[in-house]
Each structure stands twice: as structure tokens, then as C-alpha cells.
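Values below: all heavy atoms of this structure, side chains included; hydrogens, waters and symmetry mates excluded.
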Amino acid sequence: MQDCIFCKIAQGQIPSNKVYEDEAVLAFHDISPQAEKHVLVIPKEHYTDLDAAERGMDAGALAHLFQTAARVARGLGLHQSGYRLASNCGPHACQTVPHLHLHILGGSQLSGRMG
């Protein structure tokens with residue numbers, strides 16, 4: 001999608017602090033972190049949210065996205081103490097970028113509240 005900031009990041013048009021990249025997925029540090037460690041994992045192909053991905057993305061590609069999130073969290077050392085994996089879907093969930101992305105949050109004690 002032309003005006004999608006995450007598509008531009010995935011295409012290298014906008015710089016990011018990359019954590020991981022392969023042919024299908026990109027992980028990078030959030031520019032406005034909500035936790036000590038906050039990384040976003042995105043598919044390079046544009047899907048607006050998890051609902052759109054479930055309808056249009058190959059099941060293997062969707063599994064790869066989640067497997068990558070787990071590997072990135074482990075690489076950040078979050079597997080020992082724990083982390084939160086979240087995907088905001090739509091305006092009521094406060095999704096601010098309409099491109100599927102998984103938030104990996106951790107590094108210190110998170111709030112028990114989810115919102």
C-alpha cells in the first residue's frame with residue numbers, strides 16, 4: 001500500500017532500528033516504546049490487521065509471523081522473565097497504523113491491565 005508507513009519501512013524507504021529481517025517479515029524497535037523493550041513484528045506484505053491476514057494470508061506465512069515474534073522475544077532475553085505479545089485490530093483497539101503488527105513488550109514488570 002502506497003501511503004502505509006510500515007510498508008515504507010519494510011521496503012527500506014524509511015529507516016528503522018531493525019532487530020530481524022527475512023524475505024517475509026521485519027522486526028524493529030518501536031519509536032514510541034510502551035515498555036523497556038518494545039519491538040514490532042510485521043509481515044512485509046500489507047494486511048490491515050489480523051482479521052484481514054486470517055482471510056488473505058497463507059497459514060504458513062501467518063505461523064511464520066508468530067514464530068518470528070517468539071524468536072525475537074527470545075533474542076531480546078524476554079523468554080526468561082516473560083513478555084506480552086499483542087496485536088491491536090481496528091479503531092476500538094487503538095490500532096494507529098493500519099498494517100498488521102505484533103507488539104513484543106517486556107524487559108520489566110508490565111501492568112496487569114491490558115489497556
d(I5 CD1, T96 OG1) to nearest 0.5 Å is 9.5 Å
Q: Could you walk me through whether L62 and L50 pass side-chain contact (heavy atoms from CB on, under 4.5 Å), step by step?
A: CA-CA 9 Å; L62 191 55; L50 189 56; 4.1 Å; yes
Exercise. May I ask you to check whether H103 and H101 place their ring centres under 6.0 Å from each other?
Key: yes
Could you go step by step and tell me if V25 and V41 meet the side-chain contact (heavy atoms from CB on, under 4.5 Å) rule?
CA-CA 7 Å; V25 176; V41 182; 3.6 Å; yes
*Report the C-alpha separation of F66 and L85 in whole Å, then their side-chain angles, then the decisive distance to 0.1 Å, and conclude whether the side-chain contact (heavy atoms from CB on, under 4.5 Å) test is met.*
CA-CA 9 Å; F66 279 88; L85 183 65; 3.9 Å; yes
Closest non-hydrogen contact found for Y47 with A52 is CD2-O, 3.9 Å
dist C7:SG -> L26:CG (nearest 0.5 Å) comes out at 11.0 Å
Residue Q109 excluded, over 12 heavy atoms near CD under 6.0 Å: no
Whether the D22 and H64 side chains hold a donor-acceptor pair (N or O, under 3.5 Å, no angle test) is what I'd like checked. yes
G60 and D58 have their tightest heavy-atom pair at N-OD2, 2.9 Å
Closest non-hydrogen atoms of C4 and H99, given as atom of the first, atom of the second and distance, are SG-ND1, 3.4 Å
For this session: Begin with the C-alpha distance, continue with both residues' side-chain angles, and end with the deciding distance and a verdict on side-chain contact (heavy atoms from CB on, under 4.5 Å) for I104 and H38.
Result: CA-CA 6 Å; I104 301 171; H38 186 171; over 6 Å; no
Worksheet item: With distance as the sole test, does R84 use its side chain to make a donor-acceptor pair with the main-chain N or O of S111 at under 3.5 Å?
Response: yes
Residues passing the salt bridge (Lys or Arg N to Asp or Glu O under 4.0 Å) test with K8, sequence neighbours excluded, are none
Report task. Indicate yes or no: does K44 engage E21 in a salt bridge with an N to O separation below 4.0 Å. Result -> yes
In terms of heavy-atom contacts, G106 and L78 come closest through C-CD2, 3.8 Å
Taking a hydrophobic cluster as the set of Ile, Leu, Val, Met, Phe, Trp and Tyr residues connected by side-chain heavy atoms closer than 4.5 Å, whether directly or through intermediates, do I14 and L40 fall within one such cluster? yes
Would you check if the side chain of Q11 reaches a backbone N or O of Q13 as a donor-acceptor pair within less than 3.5 Å?
no
For residues 9-34, the ring-ring contact (aromatic ring centres under 6.0 Å, His included) pairs (sequence neighbours left out) are F6-F28
For P43 and L100 the tightest heavy-atom approach is CD-O, 3.3 Å
Notebook entry, point to check: Hey, quick one: are M57 and I42 part of the same hydrophobic cluster, counting side-chain heavy atoms closer than 4.5 Å, chains of contacts allowed?
Noted result: no
Any D51 side-chain heavy atom under 4.5 Å of C89 side chain:
no
Between N88 and C94, the two heavy atoms sitting closest are ND2-O, 4.1 Å
Test your reading of the model: is there a side-chain donor-acceptor pair from K37 to the backbone of L76, 3.5 Å cut-off?
yes
Looking at side-chain heavy atoms only, is the closest gap between L65 and L102 below 4.5 Å?
-> yes
